Amino acid sequence: MKNRINSKRAFSTVETLAVLAVLAVTGGAAVMMASKTTEVAKTTKLEQDVAALNSAVRVFKANGGTLAANGQVSSVLASLKTKADAATGVKLAGLRGSMIDPRTEAVTESPEEATSGKPKVLWDSAKQRFYIARTAERGVKGFTLNQALAENATLTQSRSANLALASSDGWVWDFNDSPSQVRNAPRTPDVTFVVASTGNGNGVGAALPAGGQLTLNEPVMDGYPGGTYD
């Protein structure tokens with residue numbers, strides 16, 4: 001009786017290398033897709049954070065808060081964390097507390113990250129808003145909550161709103177308008193107007209020069225505190 005030798009066909013070297021190549025390509029594509037998905041998620045979160053912070057800035061300013069003329073992202077966040085001081089807080093008709101979580105912390109880019117072209121958050125002092133850019137200027141790559149910041153005492157800020165609770169009896173509001181100079185500047189016609197004839201046979205009457213009798217001014221409410229008026 002002949003001995004049977006069971007033989008199994010093994011992968012050749014070429015087949016093994018082909019399988020490894022396919023796995024390498026597939027794995028590389030999966031890593032690239034995962035990396036791209038992560039970057040998209042980070043950018044989306046950054047956009048949402050900026051929208052929320054800009055909303056907090058608008059509410060903060062509407063309720064008497066003030067921001068530095070040439071502030072940075074970190075200094076604006078510090079202002080948004082403040083609350084109205086005791087003297088002005090009792091007069092405010094709106095929000096008196098912090099506009100953002102006191103644990104909010106900005107994560108600043110490293111010099112190398114600043115030149116990577118990735119999205120970052122910067123502060124526009126002229127427009128008083130946060131915005132996203134990809135410039136080489138160092139900015140904030142994200143925001144996080146730092147539990148250690150919760151231990152810090154909340155700072156106070158003097159706030160002044162146009163509409164405040166009345167400081168005198170018998171009134172509900174104290175109102176003080178703060179108009180811009182452009183809005184209340186005299187407005188003059190661009191051309192010279194001519195008065196029509198009154199029937200004296202001389203054709204037309206005298207001309208009114210621009211800036212003369214047609215100059216207009218808007219009325220302004222300038223400080224009406226609570227009290228008694230005639």
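Keep in mind the model is a prediction, meaning the values are calculated, not measured. Below, each value reflects all heavy atoms present in this structure, side chains not excepted, and no hydrogens, waters or symmetry copies.
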Is atom CG of Asn70 surrounded by more than 12 heavy atoms (other residues, nucleotides or ligands) closer than 6.0 Å? no
Does a side-chain heavy-atom distance below 4.5 Å link Glu105 with Leu149? yes
Phe143 side chain reached by Val121 side chain, heavy atoms, under 4.5 Å: yes
d(Lys83 NZ, Ser98 OG) to nearest 0.5 Å is 7.5 Å
Min side-chain heavy-atom separation Trp123-Leu77 under 4.5 Å: no
Report the distance from atom CG of Leu67 to atom NZ of Lys61, rounding to the nearest 0.5 Å. 6.5 Å
With distance as the sole test, does Arg129 use its side chain to make a donor-acceptor pair with the main-chain N or O of Asn54 at under 3.5 Å? no
Would you say CD of Gln72 has more than 12 non-hydrogen atoms from neighbouring residues, nucleotides or ligands within 6.0 angstrom? no
Under 3.5 Å: donor-acceptor pair, side chain of Glu151, backbone of Ala148: no
For Asp101 and Thr104, does a side-chain donor sit closer than 3.5 Å to a side-chain acceptor? no
Any heavy-atom pair between the side chains of Phe60 and Leu95 that's under 4.5 Å? no
Do Pro102 and Asn152 make a side-chain contact, defined as non-hydrogen atoms from C-beta onward lying under 4.5 Å apart? no
Are any side-chain N or O atoms of Asp85 and backbone N or O atoms of Thr156, one a donor and one an acceptor, separated by less than 3.5 Å? no
Val59 and Val50: same hydrophobic cluster, using ILVMFWY side-chain contacts below 4.5 Å? yes
Ile132 versus Lys120: any side-chain heavy-atom pair under 4.5 Å? no
Just by distance, do the side chain of Thr88 and the backbone of Ala84 share a donor-acceptor pair under 3.5 Å? no
Are Val73 and Phe130 side-chain neighbours, meaning at least one heavy-atom pair lies under 4.5 Å? yes
Exam field: side chain Thr82 to backbone Ala78, donor-acceptor pair closer than 3.5 Å: no
I need the single residue from Glu109, Glu113, Glu112 that forms a salt bridge (Lys or Arg N to Asp or Glu O under 4.0 Å) with Lys141. Which is it? Glu113
Tell me if a side-chain donor or acceptor on Thr43 pairs with a main-chain N or O of Glu39 at a distance below 3.5 Å. yes
From Met99 CE over to Leu53 CG, what is the distance, rounded to the nearest 0.5 angstrom? 13.0 Å
Determine yes or no for a side-chain-to-main-chain donor-acceptor pair under 3.5 angstrom, with Arg103 supplying the side chain and Gln147 the backbone. no
Minimum side-chain heavy-atom gap Glu137-Leu122 below 4.5 Å: yes
Is it true that a side-chain atom of Arg159 and a backbone atom of Gly65 form a donor plus acceptor pair closer than 3.5 Å? no
Approximate separation, where rounding is to 0.5 Å, of Ile100 CD1 and Ser55 OG: 12.0 Å
